[in-house]
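When reading the values below, keep in mind they use all heavy atoms of this one structure, side chains included, and skip hydrogens, waters and symmetry mates. This structure is a prediction, so every number in the text was calculated from the model and none was measured. When a ligand or atom number is given, it counts from 1 through the structure's own listing order. Throughout, residue positions are numbered sequentially from 1 according to the sequence presented.
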Amino acid sequence: MPENIVILGSGCAGLTAAIYAARANLEPLLLEGSQPGGQLTTTSEVENFPGFPEGVDGFLLMDHLRKQASRFGTRFRNALVESADLDGPVHRLQLTDGSTLETQALIIATGASPRLLGVPGEQEMYGGKGVTTCATCDGAFYRDEVVAVVGGGDSACEEALFLTRFCEKVYLVHRRDELRASPIMAERALQHEKIEPVWNSVVEEILPDENGNTRGLRLQNRATGKGSELACRGVFIAIGHIPNTAPFRGQLRMDEAGYLLPESGSQVRTARPRVYVAGDCADSVYRQAITAAGMGCQAAIDAERDLGEAFGVAEPAVADRA
Ligand code: NAP
């Protein structure tokens, strides 16, 4: 028997979709993906999720969402999708463990993964030798050290500010001469005594010491053309994300960056019947926890209606949703 509905991803979008689908008695199966809880589990404090005037810990927020989805009957499975066949009335998913799944409806909420620089030294020193994309996870390893954050957005500022708790000094290396971050984040970062911006600077190489650990960055100044070295023990890369949509290439419409594109007139419906998108895998503009949650909610409500029309799986339970 195919599943009623499979939800891919356990971030804000996937878990919100699961809460709604479970409350509509669809008994959703949620595949948690490679990072259970999604990107918010690597954030320290979430200050802009409505309902938390003092802010909320990202990990705690995701834990609450998971418990809420579980309470209404969501089933969870630790699995990754390798490819998908969305041609027929029932959708087939090939999983990386070799098994397959069939489902009548599919919500894709696979999120996005950190973008890397693609420079020499990055892969060699990634994870454990000084190069990372997560200050919350790895910041404490750099107590009293000098580190560099690469990027100029909200993530880079947030990472830099978090690192000031442990590190002696935090360079904020950005390729332009102004930050892309929101004014409040930019101001907090630039006014912090431990944070020093390094403007107009492109990372050309991450330099190893004699033991293969990070000792610094080789930079080029875009304004002057001059090269330089910046000594640091840790490099925190915060230059945006890449949507996790590879299994759906050729099956669903996406833009050149790989973001899934819904059909015109809908935020979450695709051209395939009962296939929906939600969250960062389909949103290159807002990319917020609250907008991802909103898309997850929309996708589940649309799925519930479409399943009711196609198979009579569940009566729309509009009154139950209040
Ligand atoms: P982002 O806003 O896309 O910023 C990426 C930064 O990395 C930009 O400054 C960009 O430079 C730089 N960059 C991109 N590719 C690069 C490369 N190859 N080499 C060097 N630098 C590169 O990404 P984000 O900071 O991850 O934020 C994503 C979204 O999440 C945003 O909407 C943001 O507001 C939101 N967010 C919010 C919070 C919060 O409110 N607490 C925290 C984190 C993220 P350019 O500026 O030159 O393009």
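Residues passing the ring pair (Phe, Tyr, Trp, His ring centres under 6.0 Å) test with Phe236, sequence neighbours excluded: Tyr142.
Heavy-atom distances between Arg287 and ligand 1 reach below 4.0 Å in at least one pair.
At distances below 3.5 Å, not a single donor-acceptor pair connects side-chain atoms of Asp280 with backbone N or O atoms of Ala112. With Thr291 contributing its side chain and Tyr286 its backbone, the two residues share no donor-acceptor pair below 3.5 Å. Distance alone, capped at 3.5 Å, places no donor-acceptor pair between the Arg269 side chain and the Val275 backbone. The closest donor-acceptor contact from the side chain of Gln220 to the backbone of Glu204 lies at 3.5 Å or more, if one exists at all. Proximity of a side-chain donor or acceptor of Thr214 to a complementary backbone N or O of Lys129 within less than 3.5 Å is detected.
At the shortest separation from atom 26 (O) of ligand 1 among protein heavy atoms lies Ser155 OG, 2.6 Å. Counting protein heavy atoms only, atom 32 (O) of ligand 1 is closest to Gln288 NE2, 3.4 Å. Of the protein's non-hydrogen atoms, the one nearest atom 1 (P) of ligand 1 is Arg180 CD, 4.0 Å. Here the heavy atom of the protein found nearest to atom 36 (N) of ligand 1 is Asp154 CB, 3.7 Å. For atom 11 (O) of ligand 1, the closest non-hydrogen atom of the protein is Arg175 NE, 3.2 Å. In this structure, atom 23 (O) of ligand 1 lies nearest to the protein heavy atom Gly240 CA, 3.8 Å. In terms of protein heavy atoms, atom 40 (O) of ligand 1 is closest to Asn48 ND2, 3.2 Å. Given atom 21 (N) of ligand 1, the protein heavy atom at minimum distance is Ile239 CG2, 3.5 Å.
Ring geometry for Phe49 against Phe52 counts as tilted: the plane angle lies between 30° and 60°, on a 0 to 90° scale.
Using a 4.0 Å cut-off between a side-chain N of Lys or Arg and a carboxylate O of Asp or Glu, Arg233 and Asp144 do not qualify as a salt bridge.
Of all the atoms in ligand 1, the ones that sit under 4.0 Å from a non-hydrogen atom of Tyr286 are 32 (O). Counting atoms of ligand 1 from 1 in the listed order, those under 4.0 Å from a heavy atom of Glu158 are 41 (N), 42 (C). Within ligand 1, the atoms closer than 4.0 Å to a non-hydrogen atom of Gly153 are 4 (O), 6 (C), 9 (O), 25 (O), numbered from 1 in the order shown. Within ligand 1, counting atoms from 1 as listed, the ones closer than 4.0 Å to a heavy atom of Leu117 are 19 (N).
In this structure, Glu27 places its CD atom where only 12 or fewer heavy-atom neighbours from other residues, nucleotides or ligands lie under 6.0 Å away. The neighbour count for Arg92 CZ, taken as heavy atoms of other residues, nucleotides or ligands under 6.0 Å away, does not exceed 12.
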Inset, instruction - Take Glu3 and Arg75, measure what salt bridge (charged side-chain N to carboxylate O under 4.0 Å, His left out) needs, and give me the verdict at the end. - result: CA-CA 11 Å; Glu3 297 285 340; Arg75 291 162 300 138; 2.5 Å; yes
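With a 4.0 Å cut-off on non-hydrogen atoms, His174 touches ligand 1 through its side chain and not its backbone.
Checking Arg176, Glu178, His241, Met185 against atom 46 (O) of ligand 1, the nearest heavy atom belongs to Arg176.
Taking distance alone, with nitrogen or oxygen atoms compared against 3.5 Å, Arg115 stays at or beyond that limit from ligand 1. Polar contact with ligand 1: present for Gly152 (N/O pair, distance under 3.5 Å).
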